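Heads up: the structure comes next, in structure tokens.
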Amino acid sequence: LVGRMRRLTGCSLRLAPRYNGEVGDIVVGRITERWKVETNSRLDSVLLLSSMNLPGGELRRRSAEDELAMRDYLQEGDLISAEVQSVFSDGAVSLHTRSLKYGKLGQGVLVQVSPSLVKRQKTHFHDLPCGASVILGNNGFIWIYPTPEQKDEEAGGFTTSLEPVPLSDREVISRLRNCIVALVTQTFMLFDTSILYCYEASLPHQIKDILKPEVMEEIVLETRRRLLDLEG
């Protein structure tokens, strides 16, 4: 079951242009090799040891032992959330995870979309009332995962739950994933409210039917109508 959720992490809607980083952006990325991170940019992003919380959240000078220990916590293929700390002259970005809201991601689903469809907001971390959470990466990587009952702040952002994900949570995550695909197919901006409204509009339909063109059009039209009503 652990692997089952992680195997779903490859969905990519490849209309996507490359991501051009800006300081302060929230990104979801995949560790490719020693401190390099794939973030949908032209060049690999960099996550330096000095830019990470140590396990346990300690703040002190890093040692060779810390570097060895971090390789046990972050390995190739792991997914992380992070913030853009700086942008180099060649366009590559340097990341940091020096906040307990950032760090290694556990079980969930990754969807890759065009970065231009992710609306910039004050926060890109959302616990939705349907029972799942999303990280809307400015780089077009969107992470959907079960909302944790409590956050373990003692681990410094590097502990992930490997408990089996209940069927009800997997169904919510799959529905959200298909709703995001529907919104992107209709070139609709992605933010917490548009995703939630689309999710609610999809409830009369089976999860697999959301990807039918006529259903996608119907639920996105309903999403647009509700957003217009919200704006008054």
Side-chain angles (χ1 to χ4, degrees), residues 1-13 24-30 37 39-40 53 57 74 78-84 95 97 99-113 115 117-184 188-203 207 210 219 223 227:
L1 194 54
V2 172
R4 186 171 181 178
M5 287 300 294
R6 290 305 294 261
R7 274 200 299 275
L8 292 174
T9 61
C11 173
S12 172
L13 303 180
D25 280 357
I26 304 303
V27 300
V28 172
R30 189 185 300 275
V37 186
T39 55
N40 192 33
N53 270 338
L74 282 181
D78 283 345
L79 292 163
I80 63 166
S81 61
E83 182 177 328
V84 174
L95 307 174
T97 59
S99 165
L100 294 178
K101 66 182 177 181
Y102 306 132
K104 186 175 176 180
L105 302 176
Q107 299 187 83
V109 174
L110 179 68
V111 186
Q112 182 178 349
V113 306
L117 291 178
V118 177
K119 182 177 180 179
R120 290 185 175 275
Q121 297 179 278
K122 288 183 178 178
T123 180
H124 283 246
F125 295 79
H126 302 283
D127 294 336
L128 301 177
C130 58
S133 299
V134 294
I135 304 174
L136 302 175
N138 289 110
N139 60 325
F141 284 8
I142 297 175
W143 182 247
I144 316 168
Y145 60 103
T147 301
E149 292 182 8
Q150 60 183 20
K151 296 181 180 178
D152 182 4
E153 297 192 349
E154 297 298 316
F158 293 101
T159 298
T160 56
S161 173
L162 297 180
E163 290 297 313
V165 178
L167 175 61
S168 58
D169 287 348
R170 297 204 307 270
E171 288 176 342
V172 169
I173 289 169
S174 297
R175 183 176 291 274
L176 281 169
R177 178 263 181 201
N178 284 0
C179 287
I180 289 171
V181 172
L183 289 167
V184 169
F188 205 94
M189 291 297 290
L190 300 174
F191 52 104
D192 55 325
T193 309
S194 68
I195 292 170
L196 179 61
Y197 282 0
C198 190
Y199 176 92
E200 292 173 346
S202 78
L203 289 174
I207 294 172
I210 295 171
I219 63 176
T223 301
L227 286 169

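When a residue number appears, it is its place in the shown sequence, counting from 1. Just so we're clear, the structure is a prediction, and the values are computed from it rather than from any experiment.
Residue Asn178 holds its CG atom at 12.5 Å from CD1 of Ile173, rounded to the nearest 0.5 Å. Annotation: the span from Leu190 atom CG to Leu183 atom CG amounts to 6.0 Å, rounded to 0.5 Å. Once rounded to the nearest 0.5 Å, the distance linking CD of Gln121 with OG1 of Thr193 reads 7.0 Å. With values rounded to the nearest 0.5 angstrom, Thr39 atom OG1 is found 11.0 Å from Asn138 atom CG. Summarising the geometry, atom CD1 belonging to Ile180 is positioned 4.0 Å from atom CD1 belonging to Ile144; distances are rounded to the nearest 0.5 Å.
For the residue pair Ser194 and Thr223, no side-chain donor N or O sits within less than 3.5 Å of a side-chain acceptor on the partner.
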Show your reasoning for whether side-chain contact (heavy atoms from CB on, under 4.5 Å) applies to Ile195 and His126.
-> CA-CA 11 Å; Ile195 292 170; His126 302 283; over 6 Å; no

Test log, rule side-chain contact (heavy atoms from CB on, under 4.5 Å), inputs Asp192 and Leu128 = CA-CA 8 Å; Asp192 55 325; Leu128 301 177; 4.3 Å; yes

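Under the 3.5 Å distance criterion, the side-chain polar atoms of Arg170 are matched with a main-chain donor or acceptor of Val165. Looking only at distances, no side-chain donor or acceptor of Asp78 sits under 3.5 Å from a matching main-chain atom of Leu105. When atom types are taken as modelled, the side chain of Arg175 and the backbone of Ser202 share a donor-acceptor pair closer than 3.5 angstrom. Panel note: side chain His124, backbone Ile135; no donor-acceptor pair is recorded below 3.5 Å.
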